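First the structure, in the form of structure tokens, and then the observations on it.
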Protein chains: 2
Amino acid sequence: MIIVTIIKIEITMNSSIKRKNSIRRERILELLRSNHAHPTADWVYDQLKKEFPGLSLGTVYRNLKILEEEGKLQNIHGGSTFDRYDGDLSPHHHIICERCGCVMDLNAAVDDSLFRKAENETGFQLRPSQITLYGLCPKCLNKK
Amino acid sequence: MIIVTIIKIEITMNSSIKRKNSIRRERILELLRSNHAHPTADWVYDQLKKEFPGLSLGTVYRNLKILEEEGKLQNIHGGSTFDRYDGDLSPHHHIICERCGCVMDLNAAVDDSLFRKAENETGFQLRPSQITLYGLCPKCLNKK
DNA sequence: TTGTCTGCAAAACATTTGCACCTAT
DNA sequence: ATAGGTGCAAATGTTTTGCAGACAA
């Protein structure tokens, strides 16, 4: 007789860390919710330094990361830490993986009125007909 | 008699540097034109190291910057060196200045079919209904 | 008590820069 | 001869991490 025992180990990906109350973290979130200037970590640090004189920049970064993981705020930049270059100057869009930083081209027609509207509304001079989308690439989705 | 002499000094903004031939720069451009994987500076360095054993990473960066200034290639990332955070999770778009890194919100309807098409074509899982545009903000345009 | 949070300083990381020498024009 | 170009190493600026002590559950 053969007995086969399969032990199924479930690994919870949504890191099952039990977060404690952290006043600093709370305040960081409040600060970001009440400010639409898309602050940097350093700006947050400067603000909260007044409130918590001993505050450390490391704490700000750690908490921003936690809040991002919890989905309570978003990091606007792509995730990749290094610049990527493109020798193809024809109009095309980019789609960037927030985890591994890989970039794919995307050929799709986007109504030009969007760009005109954006330029009129914001006063920006835009890269012509080029949008960037962020997300997770197939490889990183599988690893998840 | 009063003689007034006005000397008009024209400052050419398109930096009037006379570029010399540089084999390294030529090869960097060729490499980027023939490769659609959106390489990083480091990747370029590794490739050309075979060809120019004494090559320095600084040279790669310097030439990438020059080629970008000359409009012969584009840097896909935003330009800002620091991350920016957003506590507003409602669907809205971002428009980022490549020079100073400032971020503005953009409220505009973008046809959802774009996102569906992008996901189908690339296999990415996208940030919902969010696009990013790059360009120069009004302040930086004035400084130019 | 346990696991999380924090400050501090050092490390990591991509990118830039100063300097002395080399090279194209 | 002169203005760029290059290699090297050091510096820069942002973000991460190791550690020991503090704190919340």
Side-chain angles (χ1 to χ4, degrees), chain A residues 12 14-29 38-46 48-70 72-85 96 98-103, chain B residues 12 14-29 38-46 48-70 72-85 96 98-103:
Chain A
T12 315
N14 295 329
S15 51
S16 56
I17 294 174
K18 292 241 170 60
R19 294 287 169 206
K20 296 181 185 175
N21 264 1
S22 152
I23 303 182
R24 277 142 252 252
R25 190 152 62 236
E26 272 175 32
R27 292 289 296 121
I28 290 174
L29 184 54
H38 311 87
T40 63
D42 204 59
W43 183 89
V44 171
Y45 172 69
D46 281 345
L48 291 185
K49 190 87 181 177
K50 300 165 191 162
E51 206 167 317
F52 308 98
L55 183 65
S56 148
L57 197 49
T59 299
V60 173
Y61 276 107
R62 266 186 292 239
N63 281 316
L64 283 170
K65 206 171 196 178
I66 291 169
L67 289 166
E68 200 187 339
E69 281 167 11
E70 294 179 339
K72 291 178 182 164
L73 53 79
Q74 59 177 333
N75 182 337
I76 293 176
H77 274 72
S80 168
T81 60
F82 25 76
D83 283 356
R84 287 174 169 275
Y85 296 87
I96 303 179
E98 302 176 320
R99 183 159 302 171
C100 71
C102 72
V103 180
Chain B
T12 316
N14 295 329
S15 54
S16 56
I17 295 175
K18 293 241 169 63
R19 296 286 170 205
K20 295 182 190 177
N21 264 1
S22 153
I23 304 183
R24 278 143 249 255
R25 189 150 64 237
E26 271 175 34
R27 291 290 297 123
I28 289 174
L29 184 53
H38 312 86
T40 63
D42 204 58
W43 182 90
V44 171
Y45 173 69
D46 281 345
L48 291 186
K49 191 87 180 176
K50 300 166 193 163
E51 206 166 321
F52 308 99
L55 184 65
S56 148
L57 197 48
T59 298
V60 173
Y61 277 107
R62 266 186 292 238
N63 281 315
L64 283 170
K65 204 170 200 181
I66 291 169
L67 289 166
E68 198 186 342
E69 281 167 12
E70 293 178 339
K72 291 179 182 163
L73 53 79
Q74 58 177 333
N75 182 336
I76 292 176
H77 273 71
S80 170
T81 59
F82 25 78
D83 283 354
R84 288 174 169 276
Y85 296 88
I96 302 179
E98 302 176 319
R99 182 159 304 171
C100 72
C102 70
V103 180

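Naming: A, B, ... by sequence-line order, numbering from 1 per chain. All values reported here derive from a predicted model rather than from experimental measurement.
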query: With distance as the sole test, does B:R24 use its side chain to make a donor-acceptor pair with the main-chain N or O of B:L48 at under 3.5 Å?
result: no
- request: Provide, to the nearest angstrom, the distance between the OH atom belonging to A:Y45 and the C1' atom belonging to C:dT6.
  value: 13 Å
Rounded distance (nearest 0.5 Å) linking atom CG of A:D42 with atom CG of B:D83: 12.0 Å
- request: Provide, to the nearest angstrom, the distance between the CG atom belonging to A:D46 and the P atom belonging to D:dG13.
  value: 15 Å
- line: Checking D:dT15, D:dG5, C:dT6 against the side chain of A:S22 (C-beta onward), the nearest is C:dT6
field: Separation between CG of A:N75 and CG of A:L67, rounded to the nearest 0.5 Å
entry: 12.0 Å
- prompt: With respect to the side chain of B:F82, which nucleotide from C:dA14, D:dT15, D:dG4 is positioned closest?
  reply: D:dT15
message: Just the rounded figure in Å: distance from P of D:dT15 to CG of A:L67.
response: 15 Å
query: Do B:K65 and B:Y61 have side-chain N/O donor and acceptor atoms under 3.5 Å apart?
result: no
message: With nearest nucleotide decided by heavy atoms, which residue, B:L57 or B:Y85, maps closer to the 5′ end of DNA chain D?
response: B:L57
- prompt: What residues form a side chain to side chain donor-acceptor pair (under 3.5 Å) with B:R25, not counting sequence neighbours?
  reply: B:N63
task: Mind calculating the distance between CG (A:D42) and C1' (D:dT16) to the nearest angstrom?
output: 15 Å
message: Given D:dT6, C:dT6, C:dG7, identify the nucleotide with an atom nearest to the side chain of A:S56.
response: C:dG7
message: For D:dG7 and B:R24 - does any side-chain N or O of the residue sit under 4.0 Å from the phosphate oxygens OP1/OP2?
response: yes
- prompt: Taking CD1 from A:I28 and P from D:dT15, how many angstroms apart are they, rounded to a whole number?
  reply: 13 Å
task: State, with a plain yes or no, whether a side-chain heavy atom of A:F52 is found less than 4.5 Å away from one of A:I23.
output: yes
statement: A:N63 atom CG is separated from C:dG7 atom C1', nearest whole Å, by 13 Å
message: So if I define the base as every atom that isn't primed, P, OP1 or OP2, how would nucleotides 17-25 of chain D read as a B/S/- string at a heavy-atom cutoff under 4.0 Å?
response: BB----BBS
message: Tell me the interatomic distance from B:L48, atom CG, to D:dG5, atom P, rounded to whole angstroms.
response: 17 Å
message: Could you tell me how far apart B:R25 (CZ) and D:dA3 (C1') are, to the nearest whole angstrom?
response: 13 Å
query: Counting N and O atoms only, with roles assigned by atom type, does the side chain of B:R84 sit under 3.5 Å from a partner on the main chain of A:H38, one being a donor and the other an acceptor?
result: yes
